[in-house]
Protein chains: 2
Amino acid sequence: MLDVAKAANVSVATVSAVINGSAPVSPELRSRIEEAIQVIGYKRNAIARSLKLGTTRTVGLMVADITNPFFTDVVAVIQDVLHRAGYAVMLCCNDEDVEMQDEQIELLIDRSVDGLIIAPAGDDETLKRIIAGANLPTVLIDRLLDGIDTDAVVLDNRRAVHDATLYMLGLGHRRIGYISGSLETSTGRERLAGYKAALEAAKLPYEDDLVRIGNFREKDAYKATMQLLTSTERPSAIFSANNLMVIGVMKTIRDIGLKCPEDVSVASFDDFPWADVFQPHLTTIAQPVQAIGEQAAQLILDRLSGKSPAAPRRLVLQGRLMIRESCRPVSLTPRAIA
Amino acid sequence: MLDVAKAANVSVATVSAVINGSAPVSPELRSRIEEAIQVIGYKRNAIARSLKLGTTRTVGLMVADITNPFFTDVVAVIQDVLHRAGYAVMLCCNDEDVEMQDEQIELLIDRSVDGLIIAPAGDDETLKRIIAGANLPTVLIDRLLDGIDTDAVVLDNRRAVHDATLYMLGLGHRRIGYISGSLETSTGRERLAGYKAALEAAKLPYEDDLVRIGNFREKDAYKATMQLLTSTERPSAIFSANNLMVIGVMKTIRDIGLKCPEDVSVASFDDFPWADVFQPHLTTIAQPVQAIGEQAAQLILDRLSGKSPAAPRRLVLQGRLMIRESCRPVSLTPRAIA
DNA sequence: TTGTACGCGTTATCAC
DNA sequence: GTGATAACGCGTACAA
C-alpha cells in the first residue's frame, strides 16, 4: 500500500480511502490511485486488516462426520450462502470423536473465526466450556447441546420417528427393532423418544431387547442388527436412526440370508438420492437439507451483522416420511424362526 | 501478552520466549510467567502472529462438488491429516461452476492461505492465471490443468476405463453407450480416451452416436441416457464416467421401463459403500480415496515445510474394477428394439 | 480533501 | 538471561 501511495504520489490514507470508499476522494486522485493499484498489482492484506479490524470474515464449521451425505449436503449449502456473503468457511470434521472435536474447536477459535456453526459429536462438558468461553456467535445444527442456549436449527426428530414408527405399526408390525444413534447426542435421544412415544400410543410395551446402539456408524449398526436378527424372537421390522446405519442393517440382512422386505421390513432416518432407483426402494424420513443449511447460514449472518434479536432463535423443521417399498404388511412376512 | 508481562513483571520479549521456547529462560521467570498466563487466561493471537510471520498455517481446499461422495471422502482424509499437522483447512466448493471457482480461489488467496489443494471444475484460463500469479504451494487432485505444472495426485483414468470397457466387451457387448463427464476436465478427457482405446484394441469403430456428455451431474446424465436408450439402435450396455451420473442412468432405465442388467448392462466410475447391498449390485471402478487424500495432504505438507524437491511430483494411482452384477453377457440380453 | 502518526499483538534483533 | 524496540500492513483519529 505504501508502494501504491508512492507511485501515485499520495499518502496511504488516501489510498485506503479509495479502496474502502470510506472517505470522499477527488476524481483525479482516485483514478491515479486506481491506476497505480493496477500497475503494482496491489492486493490488500487481509491479515493486517483482520488485526486492525478484529474480524476475519471467516466462520468455523464443525460437523461430526462429513462423510455422512446429510452433513455433506448441509455443508455445501452453508458454504455457498456464506461465500456469497463474502465469508470464508473453515471446515473441521472429527469423525464423531469427542476429543478430536475439542481440539478442532480450539483450532477454529485460535484462528479467530467470527462465528461458529456446529453439529456436535457429543454432549461433552469440555466442548461446552470452550464454546461458552469463546463468546462467539454460534449456531448449532442438527444436534443440540444441553445447557447451551444459542441460535439453532434442528429437526423435529421426535415427531418424525414417531410418525415413521406409527406407519410400521399400522402395517401390523409388533416387534420393531430400533438401531439407535449415540445417546450422547440430542438426535440420538429424541429419535429414540419418538419410537417410544409411538409404542406407547399403540399401547405396546417398550422392550429393551429390541433397541440396540449403533452410534450412527455402519459398522456398529451391523453388529447391532446382527444381535437383533439372531435373537430368539426376531423382529419383523427394523428402524435405523440414520443413513449410514441403514447400510449396516442391510448388510446384516444380506449376510444372514434374509430378504428385505420379504423377511424383514426396514425404514430409516435420512433420505438418499438413489433411494428410489436401487432395490429395495428404501422407506425413509427425508430431511430438508437445503432449508437447514440456508437457515443456519442466515442465522449466523444475522448474528454477525448484529441484526439478530438478543434472545437465541431456535428453528425446528419437519421431516417427511417417504413411503417406498422396504416395509410391507406383517401378514406378508413369514413368522420369525425361533 | 502485554498484560501477562506486566502481571509477571517481565518484558513481552520474555513472555514470547516462554511461549515459543525460542530462547532460554530461567526457571523462576518461566514459572512466574506460566502462572500469569493461567490467571489472565491469555491466548496468543494467531492473526498478529500471522502478520509477523507471514504464515497462517491454513490451506485452502477447493473441490468442484463436495456433494460427490468421492470428493467428500477425499476432503475428509485431507482435513484429518492436515489437522494433525496443525493446519486448518478452508473449504470451497463451486458446484462445478467455473466462474464461482475463480471467485473462490481469489477468496482463498486473499485470506493468505499457505497452500492450495484443488480439484478444478474446468480448465479455465483465468483460474490458471490466478494460480500461477499466486505463486503458492499447490497440489492438484483428481483433475489436472493443462500447462500448470505442480504437485498432483491423480488416477490412471485412461487405464481404468480401458479395462472396464474391455470387461464389457469381453461379455460380448458391441454397442456400449458412454456417458461422459465434462471434456473441460482432464478426467473427462482421459476416461473417454480409455473407452476409445479399448474399442480400438477390440478393432471396433468409435461411434459418436454412442457417447453423450453428462457433465458429471445426475440430471445431465439422465437426459443423455434417455437419448441413448431411445435411439434407433439401443446400446446393450452403458458406462457412466462417474458416480453421480450413474444414478441418472439408472433412473432413465427405470423410467423407460427397462431393467438392469436384464435389458441393459451398466458399469460406472467410482464405487459406493452400498454397492453390494442394494440391487442391482453395481459393477464399478473403485478409487483409492484414502490414499489420494493422504498423498495430497502429504504433498502439500512437504512443500510447506520446504522438504520437497524443486521439481513437481506427480503421483498416479490405479483404480480397481469391482465386478458385481450389473453387467451380464450380451447373449442373455434381449435384442434392442428398433 | 489530504497527510501524519499511532496502534492492533506478535516476534526477531540487538543491546545489556 | 533479559529487556527495549522495530517491524509486519492496515485503518483511522486528528491535524493541516
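Order of the sequence lines fixes the chain letters, A, B, ..., with proteins taken first and strands second; residue numbering starts at 1 for each chain. Just so you know, these numbers come straight off a predicted model, no measurement behind them.
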Cut-off 3.5 Å, no hydrogens considered: what does the side-chain donor-acceptor table look like for residues 66-79 of chain B, sequence neighbours left out?
residue	atom	partner	partner atom	Å
B:N68	OD1	B:F70	N	2.8
B:N68	OD1	B:N243	ND2	2.7
B:N68	ND2	B:N243	OD1	3.1
B:T72	OG1	B:I66	O	2.6
B:T72	OG1	B:N68	O	3.0
B:Q79	OE1	A:C93	N	3.2

### Message
How many whole angstroms separate atom CD1 of A:I47 from atom P of D:dG11?
### Response
13 Å

### Query
With a 4.5 Å heavy-atom cut-off, do B:D97 and B:Q101 have their side chains touching?
no

### Query
Between B:S50 and D:dC8, is there a side-chain N or O to OP1/OP2 distance below 4.0 Å?
no

#### Entry: Between C:dT4 (C1') and A:N9 (CG): distance, integer Å
16 Å

### Task
Respond yes when some side-chain nitrogen or oxygen of B:T14 is under 4.0 Å from OP1 or OP2 of D:dT2, and no when none is.
no

#### Entry: Bend angle of the helix from C:dT1-D:dA16 to C:dC16-D:dG1, end axes from five pairs each (to 10°)
50°

#### Entry: A:D102 bridged to A:R129 by N-O distance under 4.0 Å
no

### A:S16 side, atom OG; A:I33 side, atom CD1 - distance, nearest 0.5 Å
10.0 Å

### Selection from C:dT1, C:dG9, D:dG3 that lies nearest to any side-chain heavy atom of A:L51
C:dG9

### Task
Using a 4.0 Å heavy-atom cut-off, write out nucleotides 10-16 of chain C from 5' to 3' as B (base contacted by protein), S (sugar-phosphate only) or - (no contact).
BBB----

Tabulate below the donor-acceptor pairs under 3.5 Å that side-chain atoms of residues 139-148 of chain A make, not counting sequence neighbours, or state none.
residue	atom	partner	partner atom	Å
A:R143	NE	A:P120	O	2.8
A:R143	NH2	A:E96	OE1	2.8
A:R143	NH2	A:P120	O	3.3

### Summary
Rounded to whole Å, CD1 of A:I37 lies from P of D:dC10 at a distance of 11 Å

### Task
Identify, with sequence neighbours excluded, every residue that meets salt bridge (Lys or Arg N to Asp or Glu O under 4.0 Å) alongside A:E125.
A:K128

## Note on the structure
So CG of B:L108 and OG1 of B:T58: to nearest 0.5 Å the spacing works out to 10.0 Å

### Query
Just how far, in rounded Å, is C1' of C:dC8 from CG of B:D3?
13 Å

Please tabulate, for side-chain N and O atoms in residues 292-301 of chain A, each donor-acceptor pair with protein atoms closer than 3.5 Å (sequence neighbours left out).
residue	atom	partner	partner atom	Å
A:E294	OE2	A:Q290	NE2	2.9
A:Q298	NE2	A:D302	OD1	3.2

